[in-house]
Number of protein chains: 2
Amino acid sequence: MNTAKIEFSECGDCPIRHRAVCSRCETDELEQLNKIKFYKSYPAGQTIAIRGEPLQNVASIVAGTATLTRSIEDGRTQMVGLLLPSDFIGRPGRDTLQYDVTAVSDVTLCCFQRKPFEKLLEDLPHVRERLLEMALDELDAARDWMLLLGRKTARERIASLLTLMVKRTIRPDGEVMGNSSRIELPITREAMANYLGLTIETVSRQLTKLKNDGIIGIEGKRAITIPDLGALLAETGDDEDGGMIV
Amino acid sequence: MNTAKIEFSECGDCPIRHRAVCSRCETDELEQLNKIKFYKSYPAGQTIAIRGEPLQNVASIVAGTATLTRSIEDGRTQMVGLLLPSDFIGRPGRDTLQYDVTAVSDVTLCCFQRKPFEKLLEDLPHVRERLLEMALDELDAARDWMLLLGRKTARERIASLLTLMVKRTIRPDGEVMGNSSRIELPITREAMANYLGLTIETVSRQLTKLKNDGIIGIEGKRAITIPDLGALLAETGDDEDGGMIV
DNA sequence: CGTCGCATTGAACCGATTCAAATCCAGTGG
DNA sequence: CCACTGGATTTGAATCGGTTCAATGCGACG
């Protein structure tokens with residue numbers, strides 16, 4: 001069932017140590033979190049949480065990719081967040097989640113029971129501080145996405161998403177993960193469509209158009225190449241360095 | 001110039017005392033904020049802050065309505081937030097704002113210089129706590145709006161906005177402000193269009209269609225009546241009590 | 001009474017969706 | 001090694017919802 005194996009258990013070895021909600025913690029605060037943490041894994045495709053259900057735990061994503069989606073009965077679905085390692089799931093002070101959370105690749109979570117976590121929060125100023133910062137960053141990202149959903153053309157949306165993916169391969173310390181001119185898409189066409197507020201057909205068509213225009217190359221179904229990042233950026237509809245804070 | 005007059009100066013008399021960033025403060029914390037606060041007013045239509053400019057102050061809206069917008073050079077504009085009394089402008093830890101802030105009615109702000117405020121924040125746990133809560137609420141609202149922008153039809157968007165306006169006239173304590181079956185629209189058609197990711201023409205057309213279908217009544221340009229709130233809710237595309245957390 | 005700024009209405013157009021069919025590809029079993 | 005299968009993806013053609021452009025209506029205000 002669980003394919004994402006945990007090869008660590010000490011916070012010091014944790015791959016998201018420097019970015020997650022615990023990033024500012026010193027050894028004593030870390031130790032307090034460490035005492036109540038536990039790991040959980042989900043295979044690709046599995047539901048992690050359903051909107052409206054009481055939420056027992058909060059968690060940080062340690063490995064893998066998950067999505068946050070909102071949908072209505074008639075099947076229309078909008079992705080409202082793409083969760084990557086270090087992102088936080090759940091919110092203190094509310095006992096139900098507003099969105100569906102789904103693992104799109106094998107996912108490993110670092111979980112805390114919500115109640116103890118909330119209680120602990122009072123004693124951990126660095127966690128609170130980081131949580132606020134992360135919430136505000138997500139708010140900025142959500143608002144940028146609102147511009148995309150409300151005003152951008154299909155082509156601009158695709159270009160924006162690809163740009164986002166590229167930027168996500170660049171670590172905050174500037175270190176480039178792998179060749180940035182070639183990116184693996186961690187999500188299906190359907191997930192892309194749900195993220196962009198489009199249909200899969202439109203996603204497919206725009207990808208091939210961008211390919212035919214020489215902006216990108218397509219390698220199989222899950223990878224693209226970008227010969228000229230500037231050319232792709234010019235297609236996003238954003239002003240030069242505008243928005244797209246990752 | 002300034003038409004919104006301040007008729008108070010003590011925090012105890014402040015109309016947003018129970019909802020704003022200071023809502024959890026006891027007298028001593030309140031006194032600390034009180035020492036560094038100052039009021040500022042802007043007439044309707046005036047720009048409060050421009051994207052990218054260094055931000056000297058943070059502030060709470062005391063009275064009036066302001067908008068948060070994001071736009072691209074070619075003129076496309078998306079509203080990403082509607083700021084009502086008690087809402088907070090600016091974010092600690094970042095010195096530029098990502099969005100344009102505009103007063104749509106006469107606005108009065110309760111301002112703090114950003115740096116002193118950030119410093120003070122370390123000693124005011126209740127402000128931090130409330131700030132986090134408000135940020136998370138805004139994040140939920142932004143994500144609900146993403147569903148609207150990505151997947152809803154024009155008619156559903158209009159109905160959703162009107163529903164939002166109605167809910168905003170209901171105070172958190174359950175007290176209804178005025179007759180909820182009649183609402184004043186605090187914003188122009190253009191602002192509505194920018195909020196909904198539509199054109200003003202479409203907004204206008206859908207409003208008249210809703211009128212012709214008997215869902216709403218239109219009184220002049222800035223007020224509508226809602227004979228049957230349930231009928232309006234049914235047009236939003238949301239599941240019964242779904243989403244729309246205000 | 002004229003004018004200026006919104007708002008409404010109309011008609012043509014267009015980008016994205018819808019529905020349908022073809023293609024690609026990984027995995028499976030002969 | 002190859003044929004088969006099922007799921008994802010691509011491609012095509014028709015349609016539709018919302019936009020665009022243009023004209024008209026409506027109040028407020030000088």
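Values reported hereafter were calculated over all heavy atoms of this structure, with side chains retained and with hydrogens, waters and symmetry mates removed. In the text below, chain A, chain B and the rest are named by the order of the sequence lines, each starting its count at 1.
With a heavy-atom cut-off of 4.0 Å to chain A, the contacted part of DNA chain D has its first and last nucleotide at dT9(D) to dA13(D). A 4.0 Å heavy-atom criterion places the boundary nucleotides of DNA chain C facing chain B at dA7(C) to dA11(C), written 5' to 3'.
Within the structure, the side-chain hydrogen bond (donor to acceptor under 3.5 Å, both in side chains) test picks out the following pairs touching residues 219-231 of chain B (sequence neighbours left out): Arg182(B)-Glu219(B).
Put simply, the side chain of Gln78(A) gets close to the backbone of Asn194(A): a donor and an acceptor are under 3.5 Å apart. Trp145(B) places no side-chain N or O within donor-acceptor distance of the main-chain N or O of Leu196(B), the cut-off being under 3.5 Å. Between the side chain of Asp100(A) and the backbone N or O of Arg51(A), at least one donor-acceptor pair lies under 3.5 Å.
For the contact set between residues 192-205 of chain A and DNA chain C, defined by any heavy atom under 4.0 Å, the members are Gly197(A), Leu198(A), Thr199(A), Glu201(A), Thr202(A), Arg205(A).
Evaluation of the ring-ring contact (aromatic ring centres under 6.0 Å, His included) rule for Tyr99(B) yields no partner, not counting sequence neighbours.
For the residue pair Thr163(A) / Ser160(A), no side-chain donor-acceptor distance below 3.5 Å is found, with atom types taken as modelled.
Nearest heavy-atom pair, Ser105(A) versus Gly64(A), reported as atom, atom and distance to 0.1 Å: OG-CA, 3.4 Å. For the pair Tyr42(A) and Ala103(A), the tightest heavy-atom approach, listed with the atom from each and the gap, is CB-CB, 4.2 Å. Between Val21(A) and Ser60(A), the shortest heavy-atom contact is CG1-OG, 4.0 Å. Between Thr108(B) and Ser41(B), the closest heavy-atom pair is OG1-OG, 3.4 Å. Shown here for Ile16(B) and Ser86(B), the closest heavy-atom pair between the two residues is CG2-N, 3.5 Å.
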Which is it for Arg143(A) and Leu68(B) under the side-chain contact (heavy atoms from CB on, under 4.5 Å) test, yes or no, and what are the steps along the way?
CA-CA 10 Å; Arg143(A) 285 171 166 164; Leu68(B) 225 52; 3.4 Å; yes
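Residue contacts shown for Arg222(B) are limited to sugar-phosphate atoms, with no base heavy atom under 4.0 Å away.
Among Ile183(A), Ile226(A), Ile224(A), the one residue that satisfies the side chain to side chain contact (heavy atoms under 4.5 Å, CB included) test with Met165(A) is Ile183(A).
The residue among Lys221(A) and Arg151(A) whose nearest nucleotide of DNA chain D lies closer to the 5′ end is Lys221(A).
Each end of the helix from dC1(C)-dG30(D) to dG30(C)-dC1(D) gets its own axis, taken as the rotation carrying the C1' atoms of four end pairs onto the next four within a five-pair window, and the two axes meet at 20° to the nearest 10 degrees.
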